[in-house]
Amino acid sequence: MEHLIIAPILIPAFAGMLLLLEVRERQPLRRLTGLVSALALIPVAVGLYLRAAGGDILVYQLGDWAAPFGIVLVLDKLSALMVLLTSLLALPALIYASRADDKRGANFHALFQLQLMGINGAFLTGDLFNLFVFFEVLLIASYGLALHGRGPARVKAGIHYVVLNLIGSALFLVALGLVYGTTGTLNMADFAVKVRELDGGALELARIAGLLMWVVFGLKAALFPLYFWLPATYANATAGVAALFAIMTKVGVYAIARVQGLAFLDGPLAGLGRDALWVLALLTLLLAAIGVLGARRLGEMVAYLVVMSVGTLMAGLSWGSPEATGAMLYYLIHSTLVCGGLFLLADLVARGRGKLGDQLVAGPAPAGRSGLAALFFLGAIAVIGLPPLSGFMGKVALLQTVPSPLYWLFLLGGGLLALVGMSRAGSTLFWRATGDGRARRLDRPRLAATVLLLSAAPALAIWGESVLEATVAAAAQWAQPGLYIEAVLGGGA
Amino acid sequence: MDQVVEFLVSAAILVGGVFALVGSIGLARLPDFYLRLHGPTKASTLGVGGTILASLLFFSWQERALQLQEVLIALFLFITAPVSAHMLAKAAMHRDLKRREDTRGRPWKQ
Amino acid sequence: MNLAILVLLPFLGAALPPLAERLRAPRTALALSAALMPALALALLIGPAGQVFEGRTVQDALSWMPSLGLTLAFRLDGLALLFALLVLGIGLLVILYARYYLSANEKAGRFYAFLLLFMGAMLGVVTSDNLLLLVLFWELTSLSSFLLIGFWSHQSAARKGARMALTVTGMGGLALLAGVLLIGQVVGSYSLDQALASGDLIRASRLYPLILVLVLLGIFTKSAQFPFHFWLPHAMAAPTPVSAYLHSATMVKAGVFLLARFYPMLAGTDLWFDLVTLAGMATLLWGAAAALFQHDLKGLLAYSTISHLGLITLLFGLNTELAAVAAVFHIINHATFKASLFMAAGIIDHETGTRDMRRINGLWKYMPYTAVLAMVASAAMAGVPLLNGFLSKEMFFAETLQSSRLGAMSWVLPLGATLGGVFSVAYSARFIHDVFFNGEPVNLPKFPPHEPPRYMKVPVEILVALCVAVGVLPAITVSGLLAVAGSATLGGELPEYHLSIWHGFNVPLLMSVVALVGGVAVYSLRRWLYTQYDRLPAINANLIFEGRVQALARAATALGNTLRNGSLQSYAAWLLALVALVLLVHLSPAAIDGTRGLLPLDGVALLAGAMLVVAALITAVLHRHRMTAIMSVSVVGLVVSLTFVRLSAPDLALTQLSVEVVTVLLLMLAMYFLPVRTRMESGVLRVSRDLLLSVVIGGGVGLMAFAMMTSDFQTISGYFLDNAKPGGGGTNVVNVILVDFRGFDTFGEITVLGIAAMGIYALLRDLDLLSARSDSVGRPWARDAHPLVLVTISRPLLPLALLISVYIFLRGHNLPGGGFIAGLITSVALLLQYVASGVEWVHRRMPGDYHPVVAVGLLLAGVTGLGSWFFGHPFLTSTFDHVHWPLVGEFELASAMLFDTGVFLTVVGATLLMLANLGKLSLLDDKKGGA
Amino acid sequence: MEAMVAIMIAVLVGTGVYLVLRARTFPVILGITLLSYGVNLFVFISGRLALDQAPIVGRGPATDPLPQALVLTAIVIGFAMTAFLVVLALRGQGETGTDHVDGDADEGGQR
Amino acid sequence: MSRLLPFPMLSLLLWLSWLLLNGFSWGHGLLGLVLAVVLPLGTRPFWPNVPRLRDFPKLVRFVLVVHWDIITANVVVARLILGSPRKLRPAFVELPLELTDDFAITLLASTISLTPGTVSADVSEDRRTLLIHALDMDDEAELVAQIKQRYERPLKEIFEC
Amino acid sequence: MLAIALPIGFGLIVLALLLNLYRLLRGPTLPDRALALDTMYINAIALIVLYGIATDGKLYFEAGMLIALIGFVSTVAVAKYMTRGDIIE
Ligand code: NA
Ligand code: NA
């Protein structure tokens, strides 16, 4: 039994608890604890990924109870990839927040760690109800983080975010009730096996359970018409938090991929809701692109870019082929890191512009204008999908594997709208500057964190083949639910 | 079961039920809040008391040993119920709730 | 020799000038640092060039993303060589020119960097042997030209021009990408080599029309073909070296380069002829005519460029080999004379301070040397014999006569060509006459103008010399290059043709003569034409485009705001409507097909159920009376608890009951700061919508519940019933599941509780809230804050409640109870102390920060889980044993108890952290308000 | 009995949905509470109904214990979430001066 | 002893409660004893004034009297409730207190509330008067005298000198 | 005999609960409603104890005890809210 599998959950969990124990509010100590944990997650995640890349699916039986009776963690290529991605995103986001933002409210570091715990748990768990629990962990932590700091807009957005997710949690429970009520199990693999044997009314209920899960995961992923909460929530969140949130929508995408890959690739419910997801994904893509164009703040624009990436990803996923899923995963990695970096960048810009913040109106140039402009240019190219950065590779991969004229039109057209929007934004912020603003230097650690995340774009382009090979391999494994089921139900029991 | 015990249990149940109901009837039909306050705090305590007595008898007989756990319910209720009534009375006086005109004495200003 | 390195050199070179600038290098050194890499590249090109002239194609490939079909594959054939020479050669001249053009205070380092980026991209476009790589470089040219056009970013025109160029060419680039992907789909490879060899396959493909249209979209936008030409004049806001480079020799030529490159793949069909010829002809005429009317020197050149690009395009469209060769020839010629003209225009701008031809007159007097150069180049542009422009234009005229595709309408082509020639001569004449003669300068910002610095003229001299050399001695100067480029374009043998000045008296010559005479005639009529032109409504593409974009952005914002209207309820309605839709579409009464026997319904259950229904409805109907609603919700909670009692779930009943109490406390704490009533706000329509959603979703869930309850199913739960005792050491199966089988869920659950408490603490910290100074009827609050009876009773209740907590906790593993319920009881008892005696009183008696309690609780649970590692078991593996003590007897010790203690502490800590801090709010308020 | 419970669930979910769609935080909180009751019952009955069969080993026939454990977890989480929402509503009241959440357009515009 | 058992009555109550809950066994007797000692000690700070029990037998007597009163008066009150509300003669009555100990006053107030027909509505700030609401009062003096005699006096004897 | 007494007992208490609900619905004042709720809690105890007798088990005794012990806290909170607004001061 490899205890390393549970480490991505336990490391931040214990870090969070220890942070809670530290009552004297010694910020340096808290920062250190948080950063050490975030740093430690990276080698752990790399190690896990390397284990998974070998091709075996590893199962960790909590409490030594065999599936489907106990809860299991499952490490396959897909979940390992997601955990690795999370760790890579988390460290720069935390570095950025640790400069000063963490002091703007209580318990920041503990919440951050427990958020990581929730995210990693959601990626690793092989049990549907446990997925619900980890969803709640990551949600409640994200509520706290989204509201970290102050300001009416943040609170208002926070209320929207919280209430919608509470409704979402209720729906998830209904879905879980149906899952258990029809198949008598909660283990994902077991569910996948038993759902294939259903018929009659039970099948009908299981179908609704699946569709409700799509709704719930779609809410997390921010699919149309469920994304409306996202722009305000993300745009108003503290930068480091917004950057971390770039992975949150991906949890939704992952959950859909996971459940779909296990239970709905074949059998009586094959392709469940795929058409609807496809349509919604395309609409999301389009509307988010329009949102990018119409955004009036940089943070809002980046938030819409996040939504746009979700549309792009979900369309790729709902196309259903392993190849498209492989391409989708590459794009997922790219968009998570780049959007995270852009959130940080938006904050750097806002900081340099005083009261104007990240509003897209002409004003004094931010401190370190040319450097920021260069970063913005880089990030914009990447996120729009222009060469030679990772966005281009990702889009080409998706276009190649999803040969649908409609998708091409939306993806390329959306890219064009984003191009127009981002070029306007960049022009307004960096070119139309009315004289140089405050001559303050850029904060180096903040800049470093931003650069770290944005450097994903060139890195994913240069080493694109290795990454794409990895994501394609993950998708290939994903497309063979039998392997997963065998590992969970066959092996350890 | 012994007829006598059964009779006693049944009687206790009925007594409890009747007093619970009477208390609630008081709550429902008495004309002002202060009067309504008497219904539940009195009758309900005996209502619960009756059922608890029934339960004591029943289980003690059943287990052939004294089963007094339920006494604790009564104990706790006797400790807490007057507080509820007291606090509600204070609330009513604070709000200067209407009382029946022929009420003698006056409530205190809060 | 590695072609990849050749392409890489300018990119590497882009780093040098900024570095030099940072080192405060003088301007010349800066220019030299910029020139270094291109010069090196040009030198390195000599070797492979020799091979190309021997008729070979030099190829070179590195792997990049083979799974995408994207390889770093390069090829150097005649066509690529031609363009590489143009890109590098003219590039070097432009760097030299820019050394003098840019003023001292401009960021020359950055400028050169952008220029070199562009150069590298352009080099990449022309040498790519991989279609995706080609697109990649293609887009890079758009991006780097965006930076170059916007170089003077303080100018609005520059910013807008840059964005327009990027938008239009970017759109084309996306279309090209789509086209290329389709080609790849048809050919099965993105290798240019293979694609060029698969022309027949592509043309026969069902996708051919789509491919053609997409590729042409890319080409036309880049080469400013009608109707995508409008961005080019506005790109003239760029510094002149940029125009000289991008808009004469390179970027706009990328489009026609691609026409040449894809010629073997896509040309030869009627569709090709129709689309390409038509666009070319329209562009030729429109550009030529518009050029005449520009008063801006660079504007004239820009439209002239458009026109010449149209000419080249038209030639490619004609589908004859000779026309293609002519097109390639004209590419060379146009590059040389147009680059020199731009530079000359830049010199004039530089020396006079304006580009307005209405003010610039009679410069012959002031800068005769420059005038000569410019006049020669203009003559070449006009197609005057003995200059290079004449030769290719002659070939063009000849080719227009050969086409028969239009049947009876075939005369249109030569006519159009001649007409284009006429205007071309006219605007060239204007460039010469209006600038260098035509009286005296008017109000020049810089006066008097004089010749520019010596070396600023060198690039122009070189280019003009080339114009003359090619024009006079074509066979010696250009024929070799043209031959290899032409054959590479055609992808095979060259047709028979002769580059000579004199072909005898023939129709093309006649057309040339007509063009020259007609052009001069048109120019002499210019005053009348200008007045006519001024009567036409002015069209400013920049304004229109910017207006469109802004309107689009506004519409986008409006649409965004309509959907994302800031109303939580509309978001929630979308979510719930989606659920309702799922239920309406997929749920049918047929789902109730179970055969499970029903339980009898008794009166008590019926009445209790009715009570719940009534209370829930009261809550919904009377929700605006908030206190009433809170109480009716409590009734619902009570009935739910009773339901759990009735339906064999004692643990749930206990949990529900204790949670209920804490929730009411919480709500009452909150109510102090919230309005007592909700105003009536929803309209009938809104209420009906919400009712509909409620009925559908409520009904649907109820129906599903009934369907589930009435059908049998296979479940794993038998395992838990069987193993709770032997495996988990407890008889309360629910508890064993919670602390053992699914202890990980509980671990997560208490984490949620802990996080919620932390988040609440953070939310409450320095929250400014106005509390009500009087109750809902306006009466001041009662005096008695701590009623005696309440205070006194709360005291013994604390130890009693703790006793009960211990009892509930200890029995939990075997009977209903457990850490969670025990924790809640303890919390309530402690909260009662707060309610009865106040925060300060309580905090004098016990520590007020509950963070450590939560932490210790979570850690205890976590560490218990970790403990199993030391025994080689997974996280949270439990163990238990029966211990026998004298007197006490036998009792069980289970690690799960330790875990449950963690749960207990977390619950106590979290609940108190939440509620006590909420209670403390009013203290802050009191201090602030001094009430 | 099953029909009775189904109706209870339907009413709870229905009223919950209705209240969640009201324009202020307070009814939304109530709505979430009712919705949670309904949903918890729904999960609970996924183990089917049983009278007097508490899942305690050694007391004869026992009902399905698993959904009970799940609901217990759900109740705790629901409590945490409700508490958070209540305090958030207070925060909203404190920072915006109202508990209205049916907002105006354009809040993405300002920070 | 008083250090270890600050409130012997409470400890006894806790111990008995524990045995009531768990039934008697040596184990539980011991555990209950531990709890009966530990819990009062732990909650010691919450008891600023220790009510001293003077007379245990009187307490038992008092409890029995109260129970008897509850039962008998319940019948009376039931009749009142079911009868015509018109016939009720409600009244607020102020009872002058002789008791001075908070705990004793609270016990008196609770007793009054528990016995049918009367509810203690308030205690004056100076703790000298108890406000009682009576459901159906014949004569104020009689009621006050009855309460004083039946409840207040025993309580005074139990808890105060 | 018990077989008759029990249903009657249940009936009486449920009837009482319904009357409480009526008062809760009717009001007219907040203290009335709070009192009604408090009474419901107490009647619920009786119901639970009866259920224990009816099912011949003591599993639900704790539920009744819990209500008796801490059920009044919500009533106290409501009453305190009405008099002081601030329930924890
Ligand atoms: Na002029
Ligand atoms: Na307070």
Side-chain angles (χ1 to χ4, degrees), chain C residues 561 565-569 572 598-599 601 605 609 612-613 616 619-620 623 626 629 633 640 647-650 652 655 659 666 670 673 678 681 690 693-694 697-699 701-702 705-706 708-710 717 720-721 724-725 731-734 737-738 745 749 752-753 756 759-760 763 767-769 914, chain D residues 1-2 4 6 8-15 17-21 23-24 26-27 30 33-34 37 42 45-46 48-58 62-66 68-69 71-73 75-77 79-80 83-84 86-87 90-91 93-94 99 101-107:
Chain C
N561 284 343
N565 55 4
S567 157
L568 169 60
Q569 279 59 40
L598 296 189
L599 294 177
L601 179 63
L612 177 133
V613 169
T619 314
H623 73 90
R626 293 184 169 185
V633 166
V640 170
L647 295 175
S648 321
L652 286 182
T655 310
V659 164
L666 179 77
F673 305 100
T678 310
E681 283 170 319
D690 298 346
L693 285 175
S694 310
I697 296 176
V701 174
F706 189 72
M708 237 170 15
M709 284 184 278
T710 51
S717 64
F720 301 119
L721 293 168
K725 185 75 182 155
T731 53
N732 181 1
V733 187
V734 175
I737 291 176
L738 282 172
D745 274 346
E749 162 207 318
V752 169
L753 200 58
I760 285 173
L763 275 182
L767 167 59
D768 277 338
L769 265 180
M914 290 171 185
Chain D
M1 189 69 98
E2 277 80 0
M4 180 74 232
M8 280 163 63
I9 292 171
V11 170
L12 287 173
V13 170
T15 49
V17 165
Y18 180 80
L19 284 173
V20 160
L21 291 170
R24 290 186 177 254
F26 186 78
L30 293 181
T33 310
L34 288 181
Y37 286 147
F42 185 84
I45 59 92
S46 71
R48 310 303 189 259
L49 303 190
L51 301 181
D52 196 20
Q53 296 184 7
I56 310 286
V57 175
T63 184
D64 192 339
L66 188 53
Q68 294 193 15
V71 172
L72 223 144
T73 303
I75 290 176
V76 179
I77 289 176
F79 165 67
F84 191 89
V86 167
V87 175
L90 285 185
R91 181 103 213 169
Q93 174 85 27
D99 63 346
V101 281
D102 201 7
D104 43 301
D106 137 49
E107 61 189 22

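Atoms considered below: every heavy atom in the structure, side chains included; atoms not considered: hydrogens, waters and symmetry mates. Here is how names work: the chains are called A, B, and so on, in the same order as the sequence lines, proteins then strands, and each is numbered from 1.
Only the side chain of C:L612 comes within contact range of chain D, judged by heavy atoms closer than 4.5 Å. Both the backbone and the side chain of C:F706 come within contact range of chain D, each with at least one heavy atom under 4.5 Å from a heavy atom of that chain. Looking at C:A605, the atoms closer than 4.5 Å to chain D (heavy atoms on both sides) sit in the backbone and in the side chain alike. In this structure, the portions of C:M708 lying under 4.5 Å from any heavy atom of chain D include both its backbone and its side chain. Contacts between C:V640 and chain D at a heavy-atom distance below 4.5 Å involve the side chain alone, from C-beta outward. For a residue to count as touching a neighbouring chain, one of its non-hydrogen atoms must lie under 4.5 Å from one of that chain's; by this rule D:L34 touches chain C with the side chain only.
Separation of atoms OG (C:S717) and CG (D:D64) is listed at 3.5 Å; rounding is to 0.5 Å. Here the straight-line distance linking atom CD1 of D:I56 with atom OG of C:S648 works out to 10.5 Å at 0.5 Å rounding. Between the CG atom of D:L49 and the CG atom of C:L599 there is a distance of 5.5 Å, given to the nearest 0.5 Å. Expressed to the nearest 0.5 Å, how far CD1 of D:I45 lies from CE of C:M709 amounts to 4.5 Å. Between the CZ atom in D:F84 and the CG atom in C:L763 there is a gap of 4.5 Å [rounded to 0.5 Å]. Taken to the nearest 0.5 Å, the CE atom of D:M4 stands 14.0 Å off from the CG atom of C:L598.
Taking D:A69, D:G58, D:A62 one by one and counting their heavy-atom pairs under 4.5 Å with chain C, the maximum is reached by D:A69.
Residues D:V76 and C:V752 have side chains not in contact (no heavy-atom distance under 4.5 Å, counting atoms from C-beta outward). Within the 4.5 Å cutoff, side-chain heavy atoms of C:L647 are placed close to those of D:L51. D:V57 is not listed as a side-chain neighbour of C:L721, based on a closest heavy-atom distance of 4.5 Å or more. Under the 4.5 Å side-chain criterion, counting only non-hydrogen atoms from C-beta, C:T619 is not in contact with D:T15.
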Intermediate values then yes/no, side-chain hydrogen bond (donor to acceptor under 3.5 Å, both in side chains), C:E749 and D:T73: CA-CA 6 Å; C:E749 162 207 318; D:T73 303; 3.2 Å; yes
